[in-house]
Amino acid sequence: MIDENPYAPQKSSDFRLPENAYQPTKGQKIARIVFGTLLVPLLIVIVLFLFAMLLGVDYRQTLDISFFLFFVVVLVGIYFMTIVQSFLFSLTLEKYCSTIGKKIICSFIFAIIIAITAPLLVMWLSNPTHTFLHMAIGTFMGSLPATMITALLLHAHYQYYKKKYFQAA
């Protein structure tokens, strides 16, 4: 006696869910880590400049340099101050955070870490002109949106390749 339906698809020995079949390549992982490492400081500088423009702060009057040159100098400074934290943030997102909820929580934690370590580094390198709390709040206001946007972009990159993988399969 044969109980099998002749019109049913063949039985498979692979019982994994199709969502678990996708594994990003090593190149995609490295690209996301490098992209996240470079994107966080850039977004911090852009957000800080947007806040300064909204508040009406004009540093060019006191420094007597062009806006573009000032932007580049601040960008290079922020890169040097946050490159280690940004690398650890991107590595943590790639290795340990699989869901969007975990990525948002991780980005909030790293925004706090950046907001604490960057002002401490500035105070260690030079004489502080502002209090630590003033610099930490300003850095947190720039680093929180930067880490959130980076986490969302890296998640979108992952989802794009996951969708592309399942369309090809």
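We're numbering straight along the sequence, starting at 1. Side chains are part of it too, since the values below use all heavy atoms of this structure and drop only hydrogens, waters and symmetry mates.
Just one residue in the list Val45, Ile114, Thr82, Ile83 forms a side-chain contact (heavy atoms from CB on, under 4.5 Å) with Val40, and that residue is Ile114.
To the nearest 0.5 Å, atoms CD1 (Ile33) and OG (Ser86) are separated by 13.0 Å. Note that CG of Leu154 is 7.0 Å distant from CZ of Phe89, once rounded to the nearest 0.5 Å. Rounded to the nearest 0.5 Å, atoms OH (Tyr160) and CG (Leu153) are 15.0 Å apart. Here the CG-CD1 distance, from Leu93 to Ile104, works out to 10.5 Å after rounding to the nearest 0.5 Å. Here CD1 of Ile112 is found 11.5 Å from OG1 of Thr117. Values are rounded to the nearest 0.5 Å. Taken to the nearest 0.5 Å, the CD1 atom of Ile78 stands 6.0 Å off from the CD1 atom of Ile44.
Residues satisfying the side-chain contact (heavy atoms from CB on, under 4.5 Å) criterion with Val84, sequence neighbours excluded, are Leu88. In terms of the ring-ring contact (aromatic ring centres under 6.0 Å, His included) criterion, Tyr79 has no residue partners (sequence neighbours excluded). Partners of Phe80 by ring-ring contact (aromatic ring centres under 6.0 Å, His included), not counting sequence neighbours: none found.
The two residues Met81 and Ala118 make their nearest non-hydrogen contact at SD-O, 3.8 Å.
Side-chain atoms of Leu75 and Ile46, non-hydrogen and from C-beta on, never get closer than 4.5 Å to each other. Phe110 places a side-chain heavy atom less than 4.5 Å from the side chain of Thr92. In this structure the side chain of Thr150 reaches within 4.5 angstrom of the side chain of Leu43, judged on heavy atoms.
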Does the side-chain contact (heavy atoms from CB on, under 4.5 Å) test come out yes or no for Leu91 and Tyr96, once each step is laid out? CA-CA 8 Å; Leu91 189 66; Tyr96 299 111; over 6 Å; no

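Residues in residues 25-45 take part in these side chain to side chain donor-acceptor pair (under 3.5 Å) pairs, two or more places apart or across chains: Tyr22-Gln28, Arg32-Glu94, Arg32-His157. Counting only residues at least two apart or in different chains, side chain to side chain donor-acceptor pair (under 3.5 Å) contacts with residues 103-115 comprise Lys103-His155.
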Enumerate donor-acceptor pairs with a distance under 3.5 Å from any side-chain N or O in residues 136-146 to protein atoms, sequence neighbours excluded.
from, atom 1, to, atom 2, distance (Å)
Thr139, OG1, Met135, O, 2.7
Ser143, OG, Ala111, O, 3.1
Ser143, OG, Thr139, O, 2.9

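Within a 6.0 Å radius of CZ in Phe108, other residues, nucleotides and ligands contribute 12 heavy atoms or fewer.
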